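These figures come from a predicted structure and were not determined experimentally. Lettering follows sequence order; numbering is per chain, from 1.
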Amino acid sequence: MSVSTAETIQAGTLEPEVKKRKADWRQTFVHYYLGPIIAFVVVTALWQLVPSWLGMKPFIFPKPTDVLEAAVQDWSILWEAVRITVVESVIGFLLSAIIGIGVSVLLASSLILERSIYPYAIILQTIPVVAVAPLVVIWFGAGYNSIVAIAFLIGFFPVISNTLMGLNSVDRSMDELFTLYHSSKWQKMWKLRLPAAMPYMMTGLKISCTLSIVGAIVGEYVAGIGGGKGGLGYAITIAAVQMKTPFLFACGIAAAILGITFYLVVSLISNRILGSWHESAMK
Amino acid sequence: MGDKEQGHFVAFHHVGKIYSTGTTALADVHFGIGEGDFVSFLGPSGCGKSTALRMVAGLEEASSGSVLVGGKEPKRVIRESNDIAFVFQEANLLPWRTVLDNVILPLELRGGSMKEHRTEAKRVLEMVGLKDYMKAYPRQLSGGMKMRVSIARALAAKPKLLLMDEPFAALDEITRQTLQMELLDIWRREKMTVLFVTHNVFEAVLLSSRIAVMSARPGRLSTMIDVELPYPRTLAMRTDRSFGEYVDRASSYLEHGSLRKELG
Ligand SMILES: Nc1ncnc2c1ncn2[C@@H]1O[C@H](COP(=O)(O)OP(=O)(O)OP(=O)(O)O)[C@@H](O)[C@H]1O
Ligand SMILES: [Mg+2]
């Protein structure tokens with residue numbers, strides 16, 4: 001018996017392939033990157049010009065150059081604040097990932113448990129974290145613990161809801177296949193449901209990683225402490241009180257860059273994990 | 001008890017199935033299948049072919065009567081052995097596992113030495129002509145190749161009973177013909193019993209040693225046809241006169257069934 005389907009995986013010689021790739025790259029650059037770059041330049045130019053035309057004071061609406069100057073001047077404070085916020089949000093994110101996935105697996109392994117607890121998880125999710133933040137401070141005191149707890153709380157629910165959806169997304173016939181081979185409940189969990197849930201899980205983690213930065217900054221607003229232990233949220237509060245608006249802008253931009261970086265890192269890891277074996281990552 | 005179906009490898013004993021929705025899928029289906037038979041369930045859509053097959057696999061409970069495999073309840077057979085294997089209409093491969101790891105799955109779930117499992121998986125992959133694709137992922141395969149992997153996976157555990165629910169329905173004609181012949185080869189070599197669901201009369205006659213013709217609403221067994229064409233069968237046999245006669249006979253029972261339905 002031989003394979004009648006001849007599948008050619010590698011095709012074409014290398015030479016035209018390279019040329020084609022160069023042309024491809026130029027194409028993608030024009031189609032996808034040129035627009036955003038032009039938009040960025042135009043907006044930054046307008047931002048630089050408009051405040052000076054209108055004669056706005058830097059502490060009301062700083063120009064990009066003011067922001068840059070403030071960032072350079074107080075670089076050590078900014079850098080320290082970024083470092084602290086990174087630590088807080090990463091710990092918060094890791095907690096929400098680990099606990100979120102753990103709780104999901106637990107809930108998904110028992111229908112009764114899921115049916116009785118999941119509705120409350122949905123209700124809890126609708127409570128804004130900002131509203132419970134002061135309560136967290138009462139419980140954990142001002143400082144790291146509270147901030148991490150808030151970052152965790154805000155990132156926790158997206159992980160749970162996405163992971164649970166994934167664990168329950170398994171095809172009926174796949175499930176029956178495992179039943180036919182008399183697999184145990186845990187085999188089904190490890191070898192079928194968890195791998196099948198991976199793409200959903202990764203979506204949840206991508207959402208929660210940016211949220212954890214929001215959580216850390218909100219946490220610093222309500223529970224931030226000074227003395228060289230303040231993160232971006234704390235730095236923003238101080239800058240606002242002292243009317244150091246350019247530095248406030250610098251902090252805001254730093255937070256945005258942080259969020260984007262964090263998202264990209266988690267996306268990269270998720271593509272690494274999914275890429276080799278999962279169809280959904282191939283889109 | 002003391003029924004003559006007791007001696008059969010697969011025995012339907014006055015089986016009825018009413019789904020919770022109120023649909024009567026099967027009514028009083030009573031027949032037996034000998035060990036080593038290749039039996040096709042042939043019938044119009046909705047006549048309960050899949051239901052009957054799923055009962056043999058223990059995936060569905062009979063509402064009345066009973067289904068026995070080797071004298072035991074299917075659920076018990078599944079608990080105790082890998083004697084029953086099922087091939088679904090879709091290949092149902094795990095996309096995150098390579099071809100080899102997909103085929104190993106049934107063996108892996110039972111435990112035991114992974115090294116032996118790997119040897120066994122390679123043997124069945126060779127049998128379906130996919131030895132060179134062991135390390136490929138399902139998404140890199142064509143529909144026909146995926147179905148081959150699915151069949152290899154079913155064979156890996158050396159089942160005594162192979163259940164197939166329209167396994168070739170989603171394939172193109174050429175691929176289907178190749179796989180039909182390969183399946184017959186494997187069946188004769190591995191000496192299994194095969195239950196094969198189809199609504200294609202030609203396919204049923206070409207493959208089966210016996211055809212269970214079913215009629216719809218409620219699903220009943222119209223007749224059993226013994227196909228006495230010699231094995232090995234070839235595609236060329238389709239032009240034989242006796243082949244045509246079997247096709248006519250099976251078709252007339254199918255029409256008869258639907259005629260009865262229309263007359264109420
Ligand atoms: N899980 C279910 N719940 C309720 N009704 C069902 C279920 N499965 C099948 N049925 C009904 O039982 C009847 C028989 O279904 P079955 O799938 O066994 O038919 P079939 O002969 O395999 O049809 P087809 O050739 O279209 O696959 C149909 O009327 C169908 O609607
Ligand atoms: Mg069916």
Side-chain angles (χ1 to χ4, degrees), chain A residues 1-11 101 105 109 111 163 166-203 205 269-283, chain B residues 54 57-60 74-75 77-82 84-90 92-98 101 105-111 126-133 136-145 148 150 153-154 156-157 159 163 165 174-175 178-179 181-182 185-186:
Chain A
M1 240 168 289
S2 67
V3 192
S4 49
T5 342
E7 209 110 315
T8 39
I9 290 173
Q10 282 128 336
I101 292 170
V105 168
S109 61
L111 199 62
T163 308
L167 289 172
N168 292 325
S169 74
V170 171
D171 228 38
R172 178 159 158 242
S173 42
M174 290 284 204
D175 189 88
E176 287 177 346
L177 190 80
F178 273 68
T179 306
L180 271 170
Y181 293 125
H182 196 245
S183 75
S184 68
K185 209 164 92 178
W186 289 110
Q187 281 179 320
K188 217 179 243 183
M189 183 60 82
W190 282 115
K191 293 177 197 250
L192 178 64
R193 299 180 74 188
L194 268 173
M198 276 290 188
Y200 296 81
M201 222 187 277
M202 292 305 162
T203 307
L205 293 182
I269 295 171
S270 116
N271 284 349
R272 268 286 162 77
I273 296 174
L274 298 180
S276 61
W277 45 262
H278 217 287
E279 279 168 319
S280 67
M282 304 306 291
K283 279 182 221 156
Chain B
R54 293 167 56 77
L59 293 172
E60 217 76 71
K75 281 222 165 101
V77 178
I78 281 171
R79 199 165 53 239
E80 292 171 355
S81 68
N82 270 348
I84 301 178
F86 202 110
V87 175
F88 296 85
Q89 184 171 343
E90 293 84 32
N92 271 328
L93 305 176
L94 302 176
W96 55 86
R97 281 183 172 232
T98 61
D101 287 341
L105 182 76
L107 305 170
E108 180 186 324
L109 290 173
R110 292 277 177 190
E126 179 146 40
M127 208 186 312
V128 298
L130 281 183
K131 205 161 194 244
D132 297 337
Y133 291 84
Y137 283 89
R139 62 169 176 274
Q140 297 168 297
L141 306 180
S142 68
M145 291 160 95
R148 279 193 173 92
S150 180
R153 178 177 59 193
L163 309 173
D165 193 352
I174 310 276
T175 313
T178 320
L179 282 178
M181 288 302 116
E182 288 179 8
D185 251 22
I186 291 167

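For a residue to count as touching a neighbouring chain, one of its non-hydrogen atoms must lie under 4.5 Å from one of that chain's; by this rule B:N92 touches chain A with backbone and side chain alike. Both the backbone and the side chain of B:R153 come within contact range of chain A, judged by heavy atoms closer than 4.5 Å. Both the backbone and the side chain of B:I78 have a heavy atom closer than 4.5 Å to some heavy atom of chain A.
Looking only at side-chain heavy atoms (C-beta outward), A:K191 and B:L109 come within less than 4.5 Å of each other. Between A:F178 and B:L105 there is a side-chain heavy-atom pair separated by less than 4.5 Å. In this structure the side chain of B:F88 reaches within 4.5 angstrom of the side chain of A:E176, judged on heavy atoms.
Among residues two or more places apart in sequence or in another chain, the ring-ring contact (aromatic ring centres under 6.0 Å, His included) test is passed with A:Y200 by none.
Closest non-hydrogen pair, A:Y181 versus B:A85, comes out as OH-CB, 4.3 Å.
In this structure, the separation between CG on B:L59 and CG on A:L180 is 4.5 Å, given to the nearest 0.5 Å.
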